Peer 1: 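This is the structure I have questions about; it appears just below.
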There are 2 protein chains.
Amino acid sequence: MNQSKRYLDIVRDIRDMIRQEKIKPGDRIPSERELAETMQVGRSTLREALRSLELLGLIETRRGEGTFLSDYRNHKLVEVLSTFVLQDNQSHEDVWQTRQIHEMAAIQEICQNEAASQMKIWDSFRLRLEGESFQREDFVRELMVLSGNRLSLKIWFLLKQYSGNPYDGTVSSEEIDRMNDILTAIERQDADTAIRGFKAWSEWLQKERIRNGNYS
Amino acid sequence: MNQSKRYLDIVRDIRDMIRQEKIKPGDRIPSERELAETMQVGRSTLREALRSLELLGLIETRRGEGTFLSDYRNHKLVEVLSTFVLQDNQSHEDVWQTRQIHEMAAIQEICQNEAASQMKIWDSFRLRLEGESFQREDFVRELMVLSGNRLSLKIWFLLKQYSGNPYDGTVSSEEIDRMNDILTAIERQDADTAIRGFKAWSEWLQKERIRNGNYS
DNA sequence: AGGATATGAGTGGCCAGACCACTTTCAAAA
DNA sequence: TTTTGAAAGTGGTCTGGCCACTCATATCCT
């Protein structure tokens, strides 16, 4: 039954302990030496379990202080994904396309969300849009955030970097018009128009980058 | 300067080594003692790195044999992260939603692809569908593959496990009808209908799972 | 008395060496 | 030729130690 992989049992034990002792994110968990003794296991074995959990972002260790439970929401799923999903020669096209998938899904989600249309964020959004040196990336990131899907946001952020930061730079006056149209459509919860407008802007931007020689 | 944890450097070094030495999944990597010596670190430290990689499913260790580059299956990542993280409803919802985003994007992509509608795959697809013990997962995976986006496919595969393998089990006759409708719509390149049908099936499936007590 | 300083306990980071359990290999024995 | 078994190699684990760092406390000096 329990053949090999002691450290996996420890991972489970630690999880159970966290549940039972009601340890919350930010709280300190017992020291390595203490845990090793209560779990009847060598310190090195225990450390293997702890380091694994640390790599996943589930715990945080500070030398001289101790080990702390980190916020679950900061788990490294996406980062881990990137290390071995994006590791091999991934076609640029796939990365680009996947990023767009998340962007359009975000717009779709915002439009379907009743609450979003009621919010007063859109006016302030437009104000910042008109302001000095508004970054292209801010526009898209804002949409991703508003979709409310944090996982999608994280994936998007990584893909954005992998596809050569396609939104570098500030918006031109022409783009402001495009963005305004997109925002208007979103306000009306007209997802189709909004997505169509977004896609058009995205393609326009891509051509612009190529013309300026900004290959990724 | 380099006060970053040693074991993290090792994780990176091993990853680089795998790339440079062109080690493929299934291949054996040097023994722990050997690696420890070439990297000038203690064996226990090296093991911390290896166990972390193992928990992620990147490598696989067999006692008495050695350590092997994994073929990406059976990551404990899913198991560990889900038990730790998914106590949070929002995270759970995000995973579920993000997976659906990729699924629907795949359908959309297939419909927009001219070549796909010309292919003769649909007939054979239907044949297998009618066959004995057709797995739900096969249906969705096939769609993901046909979309041609390998990155999206990989992400989907992980998210699927992460959301409790929602497509476990074989299809019922009712589901076959639903799937046929979806395929027909795709053949006609009618993305809206196909996606609507897919979403309906997905929701039906979810209710079915809850009724049977198959919580993830 | 009050602020700076030294000290010591506690912690994680790391290492060396030692067994054990297991799989493979290959030569010796049947 | 087949079987057996010993040796080498590997991962799994434990022990004990030392280092670097943090923090609270006690101590010292002004």
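First the proteins, then the strands, lettered A, B, ... as listed; each starts at 1. None of these values were measured; they are calculated from a predicted model.
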Peer 1: Does A:Arg136 reach the main-chain N or O of A:Asp168 with its side chain, forming a donor-acceptor pair under 3.5 Å?
Peer 2: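 Looks like yes, one N/O pair under 3.5 Å.
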
Peer 1: Rounding to an integer number of Å, can you tell me how far A:Leu46 CG sits from C:dG12 C1'?
Peer 2: 12 Å

Peer 1: Is the positively charged end of B:Lys154 above the ring of B:Phe157, judged by distance under 6.0 angstrom from the centroid and angle within 45° of the axis?
Peer 2: no

Peer 1: Within the distance-only criterion (no hydrogens, no angle test), does the side chain of A:Thr61 pair as donor or acceptor with the backbone N or O of A:Thr67 below 3.5 angstrom?
Peer 2: no

Peer 1: Using atom CD of A:Glu60 as one end and atom P of C:dG13 as the other, report the distance to the nearest whole Å.
Peer 2: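 Computing the A:Glu60:CD to C:dG13:P distance gives 11 Å.
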
Peer 1: Can you check the A:Glu32 CD to D:dC21 P distance for me, whole Å?
Peer 2: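 Going from A:Glu32 (CD) to D:dC21 (P), I get 17 Å.
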
Peer 1: Enter the distance from B:Asp13:CG to B:Met39:CE here, rounded to the nearest 0.5 Å.
Peer 2: 5.0 Å

Peer 1: Can a side chain N or O of B:Ser44 be found less than 4.0 Å away from OP1 or OP2 on C:dA16?
Peer 2: no

Peer 1: Given D:dG11, is OP1 or OP2 found less than 4.0 Å from the side-chain N or O atoms of B:Thr67?
Peer 2: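 Result: yes.
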
Peer 1: At a cut-off of 3.5 Å, list every protein nitrogen or oxygen paired with a nitrogen or oxygen from nucleotides 7-10 of chain C, distance to 0.1 Å.
Peer 2:
unit_1 : atom_1 : unit_2  : atom_2 : d
C:dG10 : N2     : A:Gly64 : O      : 3.2

Peer 1: Measure from the side-chain heavy atoms of B:Arg47 and tell me the nearest of D:dT10, D:dT13, C:dG13.
Peer 2: D:dT13

Peer 1: For the pair made of CG in A:Leu35 and P in C:dT11, what is the distance, rounded to whole Å?
Peer 2: 10 Å

Peer 1: Report the residue (A:Gly42 or B:Arg62) whose heavy-atom-nearest nucleotide on DNA chain D is the more 5′ of the two.
Peer 2: B:Arg62

Peer 1: Which part of the nucleic acid, if any, lies within reach of A:Arg43 when heavy atoms closer than 4.0 Å are counted: base, sugar-phosphate only, or nothing?
Peer 2: base

Peer 1: Rounded to whole Å, how long is the line connecting atom CZ of A:Arg6 with atom C1' of D:dC14?
Peer 2: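 Distance, rounded to whole Å: 10 Å.
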
Peer 1: Should B:Asp138 and B:Arg141 count as an ion pair when the cut-off is N to O under 4.0 Å?
Peer 2: yes

Peer 1: Look up atom CG in A:Leu50 and atom CZ in A:Arg47, then write down how far apart they are to the nearest 0.5 Å.
Peer 2: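 Result: 7.5 Å between the selected atoms.
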
Peer 1: In whole Å, what is the span from the CD atom of A:Glu34 to the C1' atom of C:dT11?
Peer 2: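 Whole-Å distance recorded here is 11 Å.
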
Peer 1: What integer distance in Å separates A:Tyr7:OH from D:dC14:P?
Peer 2: 15 Å

Peer 1: Under the side-chain hydrogen bond (donor to acceptor under 3.5 Å, both in side chains) test against B:Ser202, which residue among B:Gln100, B:Arg99, B:Arg178 passes?
Peer 2: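 Single pass found, and it is B:Gln100.
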
Peer 1: Tell me the interatomic distance from A:Phe68, atom CZ, to D:dT22, atom P, rounded to whole angstroms.
Peer 2: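 Taking atom P of D:dT22 as the reference, CZ of A:Phe68 is at 12 Å.
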
Peer 1: How do B:Gly66 and A:Glu48 order along DNA chain D: which one's closest nucleotide is nearer the 5' end?
Peer 2: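 So the residue in question is B:Gly66.
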
Peer 1: If the cut-off is 4.0 Å, is B:Thr61 near the phosphate of D:dG12, judged by side-chain N/O to OP1 or OP2?
Peer 2: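 Answer yes for this pair, as a side-chain N or O of B:Thr61 is under 4.0 Å from OP1 or OP2.
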
